[in-house]
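Here's the structure we're looking at; comments come further down.
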Amino acid sequence: MPGEMLFARAHARTSAAALEQNLSLLARRAEVPLLLPVKANAYGHGLEAISRVAARHPDVWGLAVATPQEAGAVAALELGKPVVLLTPPRPAELEELADLGVRLPVASLEEAEALPAHARAHLKVDTGMNRLGARPEDAVRVGQRLHERGVLEGAYTHFATADEPDLSFAHEQFRRFQGVLQELPPLLAHASNGGGILSLGALPGMRLARPGLASYGFAPPHLRGVLPLTPVMTLEAEVTYVHTVRAGESVSYGGLWHAPQDTVLATVGLGYADGYPRNATGKAFVTVAGERRPMVGRICMDQCLVDVSGLNVQVGDVVRFWGPQDITVSDVAAWADTIEYEVLTGLGTRIERQTDR
Ligand SMILES: *Cc1c(COP(=O)(O)O)cnc(C)c1O
């Protein structure tokens, strides 16, 4: 078969054990089972592998996705766990999603009426994020209508500031959500994202929680001491070329970097098309042969360059861009002036996802 001997240059290895431990820690702190967000290819980790590991975990109630296509992809795995869609589907998609058993968000009376009779709904309440959902004063009527139609399973809201040091607005949002729930029959209520679990802990009346980034091992700086979370992914790529540049020569696009002395460079098969941020140029480090070494010159589309002077590095050796120790996604995000979410979800399709225990 053509391609049989052609292998990926870059690998994202995910640790099932790290994910499982993070999920246990988060569920224990939230005191409820988890609705694990696996949107955006499971935050770049690989939708199928992460969904399979999560579905076997006793603390995972279900899997949450952002798009109807993601919902279809998870439903097709037939994992026996509920799939919850977090953004509004098109009217034409309702029937198929309901047939697949996907739980649907509902935020208006119109949507409540349009739902197929065999659908299951999660009432979306906008308590201050102002992105999606029914305002609290309208949400009760929508929930009551869903209940009359026999399709109401859950209700949820989303915090805008639960990962920030000042929690006053998160508390206000929760108070508004509780006001809505008081007027409805008991249902599967959920509010906290990862930041909410870490900062607020268990919330009264909640039946589920939705930690995304925290499940994959990351917390905002001021909440890092709350739980011993472990980064789930290790990103590696192979050295494709090793050569020496002479003192004073420039390297890569724009000739930004000049070798201060004769320097041995490793060219590595990972670039910004794979999601490694070009903005980290001039700041980034990697781990190679067990040592922390700087990337030099502009990060390219498919490649980058590392100063490996004094190390025994050969073509085919593995360079680690991030992992649970040493250099983490948080470091890379800081170098690139962005957040872990954007770095992880930006990982490209050329990177082969693998799962370790
Ligand atoms: C993405 C998302 C989450 C997860 O957020 P984290 O900050 O990654 O924990 C939870 N709820 C909703 C509605 C989301 O869109």
Side-chain angles (χ1 to χ4, degrees), residues 10-30 33-57 59-66 70 73-74 79 81 84 86 158-159 162-163 190 192-199 208-221 223-236 274-277 320-334 336 338-348 351-357:
H11 293 92
R13 294 193 289 105
T14 61
S15 163
L19 176 66
E20 286 162 354
Q21 183 180 292
N22 294 340
L23 295 172
S24 298
L25 289 166
L26 288 158
R28 195 177 318 148
R29 179 161 172 84
L34 305 179
L35 172 52
L36 176 68
V38 293
K39 57 189 177 178
N41 201 21
Y43 287 53
H45 293 64
L47 179 71
E48 178 169 349
I50 295 292
S51 297
R52 287 191 188 284
V53 172
R56 287 196 307 264
H57 196 288
D59 295 328
V60 172
W61 174 83
L63 302 164
V65 295
E70 290 175 336
V74 181
L79 298 170
K81 296 264 174 151
V84 179
L86 296 172
H158 190 50
F159 292 129
D163 55 357
H190 41 111
S192 274
N193 54 0
I197 295 176
L198 294 170
S199 62
L208 301 169
R210 307 184 306 271
L213 191 69
S215 302
Y216 302 102
F218 299 93
L223 296 171
R224 280 188 192 150
V226 177
L227 291 178
L229 301 171
T230 307
V232 169
M233 185 194 293
T234 299
L235 180 67
E236 298 171 338
D274 300 297
Y276 195 94
R320 190 163 76 235
F321 292 85
W322 62 65
Q325 291 115 24
D326 307 329
I327 296 164
T328 68
V329 174
S330 305
D331 297 318
V332 177
T338 182
I339 54 177
E340 293 95 337
Y341 296 84
E342 193 179 36
V343 176
L344 287 169
T345 60
L347 288 183
I351 297 173
E352 190 170 293
R353 272 76 173 175
Q354 297 176 338
T355 312
D356 308 335
R357 277 319 299 176

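Please read these numbers as outputs of a predicted model, since none were measured by experiment.
- Rounding to the nearest 0.5 angstrom, the gap separating the OG1 atom in T230 from the CD atom in Q325 is 9.0 Å.
- Looking at L34 and L208, their side chains never come closer than 4.5 Å, going by heavy atoms from C-beta outward.
- V60 has its side chain out of reach of P33: every pair of non-hydrogen atoms, C-beta onward, lies at least 4.5 Å apart.
- Between the side chains of S24 and H57, at least one donor-acceptor pair of N or O atoms lies under 3.5 Å.
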side-chain contact (heavy atoms from CB on, under 4.5 Å) between V38 and V65: does it pass, once the steps are laid out? CA-CA 6 Å; V38 293; V65 295; 3.9 Å; yes

Assess the residue pair V232 and H45 against the criterion (side-chain contact (heavy atoms from CB on, under 4.5 Å)); give the C-alpha distance rounded to whole Å, side-chain angles, the decisive distance to 0.1 Å, and a yes or no. CA-CA 8 Å; V232 169; H45 293 64; 3.8 Å; yes

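- The two residues P211 and L36 come nearest to each other via the heavy atoms O-CD1, 3.5 Å.
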List the steps, then state whether salt bridge (Lys or Arg N to Asp or Glu O under 4.0 Å) holds for D59 with R28. CA-CA 9 Å; D59 295 328; R28 195 177 318 148; over 6 Å; no

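- Pairing each heavy atom of L223 with each of A162, the nearest pair is CD1-O, 4.4 Å.
- At distances below 3.5 Å, at least one donor-acceptor pair connects side-chain atoms of R353 with backbone N or O atoms of G44.
- Nearest approach of A12 to M233, heavy atoms of both residues: CB-SD, 3.9 Å.
- Between V329 and Y216, the closest side-chain pair of non-hydrogen atoms is not below 4.5 Å.
- Contact of the L198 side chain with the R224 side chain is not registered, since no non-hydrogen atoms from C-beta on lie closer than 4.5 Å.
- The aromatic rings of Y43 and Y341 lie tilted to each other, with the angle between the two planes from 30° to 60°.
- The shortest side-chain heavy-atom distance between L235 and R320 does not fall under the 4.5 Å cut-off.
- P228 is listed as a side-chain neighbour of L25, based on a closest heavy-atom distance under 4.5 Å.
- Taking every heavy atom of both residues into account, S51 and L63 meet most closely at CB-CD1, 3.9 Å.
- Note: D163 CG to F218 CZ = 15.0 Å, rounded to the nearest 0.5 Å.
- The distance from atom CD of E340 to atom CG of D331, rounded to the nearest 0.5 Å, is 9.0 Å.
- Interatomic distance, I351 CD1 to H11 NE2, rounded to the nearest 0.5 Å: 10.0 Å.
- Residue I327 comes nearest to F321 through the heavy atom pair CG2-O, 3.3 Å, listed as atom of the first residue, atom of the second, then distance.
- Between S215 and R210 the shortest side-chain heavy-atom distance does not fall below 4.5 Å.
- Summarising the geometry, atom CG belonging to L229 is positioned 10.0 Å from atom CG belonging to L23; distances are rounded to the nearest 0.5 Å.
- Of all heavy-atom pairs between L35 and P37, the closest is O-CD, 3.2 Å.
- Between L79 and R52 there is a side-chain heavy-atom pair separated by less than 4.5 Å.
- With E342 contributing its side chain and T338 its backbone, the two residues share no donor-acceptor pair below 3.5 Å.
- Between R13 and the choices E236, Q354, E352, the side-chain hydrogen bond (donor to acceptor under 3.5 Å, both in side chains) rule is met once, by E236.
- Expressed to the nearest 0.5 Å, how far CG of L227 lies from CG of N22 amounts to 9.0 Å.
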Where do W322 and V343 land on the side-chain contact (heavy atoms from CB on, under 4.5 Å) test, with the steps shown first? CA-CA 11 Å; W322 62 65; V343 176; 3.5 Å; yes

